Every structure is written in C-alpha cells, then in structure tokens.
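None of these values were measured; they are calculated from a predicted model.
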Amino acid sequence: HKNRLLSKIKEKYSGSPEKLFDYVVNSINNSEYGERVENNVVERFSSKPYFDQLLYQGGNGNFVDMIFSVDLIVKFKNGDVYTIQVKSNEDQVKTFIADTKKNKAVDLVVLPGNGGTFNVKKVKDPEKTITI
C-alpha cells in the first residue's frame, strides 16, 4: 500500500484539502486524548496496593502498539504480568475483543468508567468487568 499512498491521498482529498486538514487535526486530537487516558490508567494502577511496576508504556505511533496492540505492560505484586490495550469507549472495546487477529497478544482492555474510575475486561472473558 505504501507505493499507492500518495495517489490515494490525492484522489481522496484533492477536491477538498480542508477535509485532509480536518482529518489530521482529528487524528492528533484523538491521539492526545488516548495518551492522556493511558497516563490516567497508569496513575490509577500505580495507586493500587496490588500494583508492582509499569514494565512498558508505548507512545504515539509506537510499533509495539501498532503490531501487537499493546499500550501497557504491568506487573502486579503477586508476580502476574499483563499486556493492556487502552480504549476510549465501550464500542471500541467490543470491536477490539471481536477482532481475534488483533487482540492475540493482549490480556486486558481498559476503558474509562464513571466518576474517574476505569473498567477492566479480560480479552478472553469480556463478560466480567472489574472497576479500578
């Protein structure tokens, strides 16, 4: 697709460069929001007595996230290590959990809950939700 990218961009946006600008601005805003949510998740986990350490946190455009869908890797005091994908809403979570090709390396999905909490779902057992 790399060889066709420029022609696809020209094809889609040459009639309205404003749409490309809007797309880029939206993409930047979504990335910034996602990074804030990830940081908030790390802060929330860090405040819990069962949390041991953050082993990995990707950033914007990180290959681990792009290839394995892993935003965070955390270790708990009992020795368990979990890979985490952070999502912004329930629809994103449902789509991610349904995509078994994309979620193979992910143990938990975390999304904002009510009142500053976060909901945690196991990818392999999404019916159970834990609030942190």
Side-chain angles (χ1 to χ4, degrees):
H1 299 299
K2 183 177 169 184
N3 298 336
R4 299 186 338 216
L5 185 60
L6 183 58
S7 65
K8 289 290 184 187
I9 290 173
K10 285 180 182 178
E11 178 184 312
K12 183 165 179 113
Y13 297 109
S14 63
S16 178
E18 295 83 15
K19 284 186 180 180
L20 176 59
F21 179 76
D22 290 345
Y23 173 81
V24 170
V25 168
N26 187 47
S27 180
I28 290 169
N29 289 338
N30 287 341
S31 292
E32 288 173 352
Y33 175 73
E35 208 159 317
R36 281 194 308 272
V37 173
E38 283 180 26
N39 290 334
N40 291 339
V41 168
V42 170
E43 285 177 27
R44 178 56 57 96
F45 272 124
S46 297
S47 72
K48 300 298 178 184
Y50 50 79
F51 178 83
D52 185 25
Q53 69 185 91
L54 175 67
L55 299 175
Y56 166 82
Q57 181 174 5
N60 194 8
N62 184 280
F63 284 112
V64 173
D65 186 9
M66 291 173 21
I67 294 169
F68 298 107
S69 300
V70 172
D71 292 323
L72 308 169
I73 302 175
V74 297
K75 181 179 177 188
F76 294 109
K77 290 195 175 167
N78 67 359
D80 290 346
V81 175
Y82 291 99
T83 55
I84 298 172
Q85 174 61 223
V86 178
K87 294 295 184 187
S88 300
N89 61 58
E90 189 69 38
D91 288 337
Q92 289 178 348
V93 170
K94 287 177 184 175
T95 301
F96 181 77
I97 288 174
D99 189 346
T100 56
K101 288 184 181 179
K102 197 166 190 173
N103 70 28
K104 284 182 183 179
V106 178
D107 300 311
L108 307 173
V109 181
V110 179
L111 70 150
N114 296 324
T117 64
F118 290 93
N119 294 325
V120 181
K121 294 180 179 274
K122 288 185 178 181
V123 172
K124 304 290 186 256
D125 189 11
E127 296 306 313
K128 295 181 183 174
T129 300
I130 301 163
T131 301
I132 61 167

Would you list the pairs meeting ring pair (Phe, Tyr, Trp, His ring centres under 6.0 Å) in which at least one residue belongs to residues 77-123, sequence neighbours left out?
Phe76-Tyr82
Close side-chain approach of [X] and [Y], heavy atoms under 4.5 Å:
{"X": "Lys122", "Y": "Leu108", "answer": "yes"}
{"X": "Glu32", "Y": "Ile28", "answer": "yes"}
{"X": "Leu54", "Y": "Ser46", "answer": "no"}
{"X": "Asn62", "Y": "Gln57", "answer": "no"}

Determine whether more than 12 heavy atoms belonging to other residues, nucleotides or ligands lie under 6.0 Å from atom [atom1] of [X].
{"X": "Asp125", "atom1": "CG", "value": "yes"}
{"X": "Phe68", "atom1": "CZ", "value": "no"}
{"X": "Lys48", "atom1": "NZ", "value": "yes"}
{"X": "Lys8", "atom1": "NZ", "value": "no"}
{"X": "Tyr50", "atom1": "OH", "value": "yes"}

In this structure, NZ of Lys10 is separated from CG of Leu5 (nearest 0.5 Å) by 11.0 Å
About how many Å separate OH of Tyr13 and CG of Asp22, when rounded to the nearest 0.5 Å?
9.5 Å
Salt bridge check, Arg4 against Glu11: does any charged N sit closer than 4.0 Å to a carboxylate O?
no
Derivation of the side-chain contact (heavy atoms from CB on, under 4.5 Å) call for Asp65 and Asp71:
CA-CA 6 Å; Asp65 186 9; Asp71 292 323; 2.8 Å; yes
Qualifying side-chain hydrogen bond (donor to acceptor under 3.5 Å, both in side chains) pairs, either residue in residues 91-108, two or more places apart
Thr83-Asp107
Non-neighbouring partners of Asp52 that pass salt bridge (Lys or Arg N to Asp or Glu O under 4.0 Å), sequence neighbours left out:
Lys75
